Structures are given as structure tokens and as C-alpha cells.
Amino acid sequence: MSEINNAANRVTLARILLIPVFLVVLLGEWPRFIPPSEYWSAAKPWIAAVIFALVAATDAVDGYLARSRNEVTTFGKFIDPLADKLLVTAALVALVDLDRLPSWIALVIISRELIVSGLRMVAVAEGKVIAASAYGKVKTILQIVAIVAFIVKDSPVTSQVAGSGAASMLVWGSWIVMAAALLLTVISMVDYFYHARDIITGPWSSKSDG
């Protein structure tokens, strides 16, 4: 229980608990028992984007707390990457539901996360650790930026405030960043498989010698 109660893990758990809040804001309709607000439909993509960005940014916070306080735990090693995957998966599925993102893009990204997670579990079972690569870290940053852009790019506020030219640039920019994120998603997966080639091919010397 002490592992869960440290500061870093509490921040991670808070990130997970905020994911439903993000989804309710992005996908939820205005409650019928409350007088309708003409500003809600225009504002909610931006509110959702802010919540998503803040939740994603806390990934650095819990990592810093764990290292600075020497509170790196087994529970934290498990729950921290899981929180990241849940957040990105929730956002991608929501964007597909809103018809803002092709489903095949979400499928590629989510499939990669499941495959790499499975590979890591196999590595742990064999007593090996596959360190996070630079490709994976850049991929995560690009995914977050692309998701934020996709959340707000079709908002009425975008064209009204930024103008049609800037809104068009945002649309093109969001697709470029998403394409880069998709490319890094595939490259980072290949990189993980390369570094785990001994685990995949086997047999391992410790087993074959026995």
C-alpha cells in the first residue's frame, strides 16, 4: 500500500481518473435539465484540449517526483506507462467517434502500443529490460501535439478567431504532425523488435544449457 501512497503514484492515479473527465467534456452533450448555453459547443473542444494537455504534461511530473524522492516503485513502473496508453487510446477513440480522425490511424497507433506492451511483458518474464528509445519518446510528444491539434482544428472558434488562413494552416499542420507521429509509431515499434530480437528468436542460453 505504501507504494501506491507515494506522491509520484498519486499523481499517476490522478491522471487516470481525469481521463473520464476529458472524455465527458469532449463527447458529452449539454445537460437537458440546465438551460442550454450557446457557447458550450464552441468552447468544449478547447476545454477538452486543455485537460488533455495538462494530463499529458503530468507524465513529467510523476517521473520527476519518483526520481527526486527516490520513490521509484514496481507499481509505478507498471501504472505510469499504462496511464499514458489509456490517455492516448481514449483520445484517439473519441476523435474517431467524432469523425475527426480516420479509424485506421487510431488502429495502427493502438495496435503498436499493445504489441510493444506485450513484448515488454515477455522481456520482463525472461528477466530482461527493454529501455525506452528516443524514437518512442519523440513519438509520444508528436502524438500528444497531433491529438491536441485534431481536437481543436474543427472548432468554430478556430476560424472565427484565427481567420480562415490560419485555420487552414492549423488543419494542414495537424495532419503533418499526425503523419509524423504515425511514422515514428511504426519506426519505434521496429526499433523495439530489433532490441528484443534475442527475446523473440530464442532459445536463451540459460534455458538451453539446462
Side-chain angles (χ1 to χ4, degrees), residues 4 8-31 40-63 66 75-121 132 135-155 157-158 170-171 173-186 188-189 192:
I4 300 177
N9 291 338
R10 286 200 297 268
V11 171
T12 305
L13 291 172
R15 288 164 58 201
I16 294 176
L17 293 176
L18 284 172
I19 294 174
V21 177
F22 159 71
L23 291 175
V24 167
V25 173
L26 182 60
L27 300 176
E29 298 294 334
W30 187 260
W40 172 245
S41 60
K44 72 176 185 176
W46 292 90
I47 298 173
V50 170
I51 294 173
F52 177 85
L54 289 175
V55 174
T58 57
D59 181 33
V61 175
D62 55 21
F75 177 78
K77 291 178 181 179
F78 165 75
I79 201 68
D80 182 57
L82 178 62
D84 297 335
K85 291 172 175 57
L86 287 174
L87 177 63
V88 171
T89 299
L92 291 172
V93 172
L95 289 172
V96 171
D97 183 66
L98 293 170
D99 292 326
R100 298 182 188 176
L101 183 72
S103 57
W104 69 268
I105 293 180
L107 182 62
V108 170
I109 294 175
I110 294 171
S111 297
R112 181 267 184 200
E113 299 301 336
L114 293 174
I115 291 170
V116 170
S117 295
L119 187 59
R120 279 178 165 172
M121 285 190 289
Y135 293 120
K137 294 176 181 178
V138 175
K139 174 268 303 178
T140 300
I141 294 173
L142 289 175
Q143 285 180 356
I144 292 170
V145 173
I147 288 171
V148 170
F150 267 77
I151 291 173
V152 302
K153 71 180 180 64
D154 295 323
S155 170
V157 178
T158 303
L170 176 61
V171 171
S174 63
W175 278 107
I176 291 172
V177 176
M178 182 61 77
L182 192 63
L183 179 62
L184 263 295
T185 294
V186 175
S188 62
M189 182 178 67
Y192 270 109

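Throughout, numbering of the chain's residues begins at 1 and tracks the sequence. As the structure is a prediction and not an experimental result, all values here were calculated from the model.
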Mind running side chain to side chain contact (heavy atoms under 4.5 Å, CB included) on Phe22 and Val55 for me, showing each step along the way?
-> CA-CA 9 Å; Phe22 159 71; Val55 174; 5.8 Å; no
Side chain to side chain contact (heavy atoms under 4.5 Å, CB included) evaluation trace for Leu182 with Trp104 | CA-CA 11 Å; Leu182 192 63; Trp104 69 268; 3.5 Å; yes
Assess whether side chain to side chain contact (heavy atoms under 4.5 Å, CB included) is satisfied between Ile51 and Leu26, documenting all intermediate values.
-> CA-CA 10 Å; Ile51 294 173; Leu26 182 60; over 6 Å; no
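Taking both residues in full, the closest heavy atoms of Ile151 and Arg100 are given as O-NH1, 2.7 Å, listed atom of the first, atom of the second, then distance. Between Val148 and Ala53 the shortest heavy-atom distance is CG2-CB, 4.4 Å. Nearest heavy atoms, Val21 versus Leu17: CG2-O, 4.0 Å. Between Ile19 and Leu87 the shortest heavy-atom distance is CD1-N, 3.6 Å. In this structure, Leu23 and Ala94 approach most closely via the heavy-atom pair CD2-CB, 3.9 Å. Taking both residues in full, the closest heavy atoms of Leu142 and Val177 are given as O-CG1, 3.5 Å, listed atom of the first, atom of the second, then distance.
The aromatic rings of Trp175 and Phe150 sit perpendicular to each other, their planes meeting at more than 60°, with 30° as the lower class boundary.
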Sequence neighbours excluded and cut-off under 3.5 Å, please list the side-chain donor-acceptor pairs for residues 107-115, or say none.
| residue | atom | partner | partner atom | Å |
| --- | --- | --- | --- | --- |
| Ser111 | OG | Leu107 | O | 2.6 |
| Arg112 | NE | Ser188 | OG | 3.2 |
| Arg112 | NH2 | Ser188 | OG | 2.9 |
| Glu113 | OE2 | Lys139 | NZ | 2.8 |

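With hydrogens and angles disregarded, a donor-acceptor distance shorter than 3.5 Å links the side chain of Lys44 to the backbone of Gly28.
From Leu18, atom CG reaches atom OG1 of Thr58 across 7.5 Å, with rounding to the nearest 0.5 Å. The line from CG of Leu13 to CD1 of Ile16 is 5.5 Å long, rounded to the nearest 0.5 Å. If you take OG on Ser174 and CG on Asp154, they are separated by 8.0 Å, rounding to the nearest 0.5 Å.
The only option from Val93, Leu86, Leu92 that meets the side chain to side chain contact (heavy atoms under 4.5 Å, CB included) definition with Thr89 turns out to be Val93.
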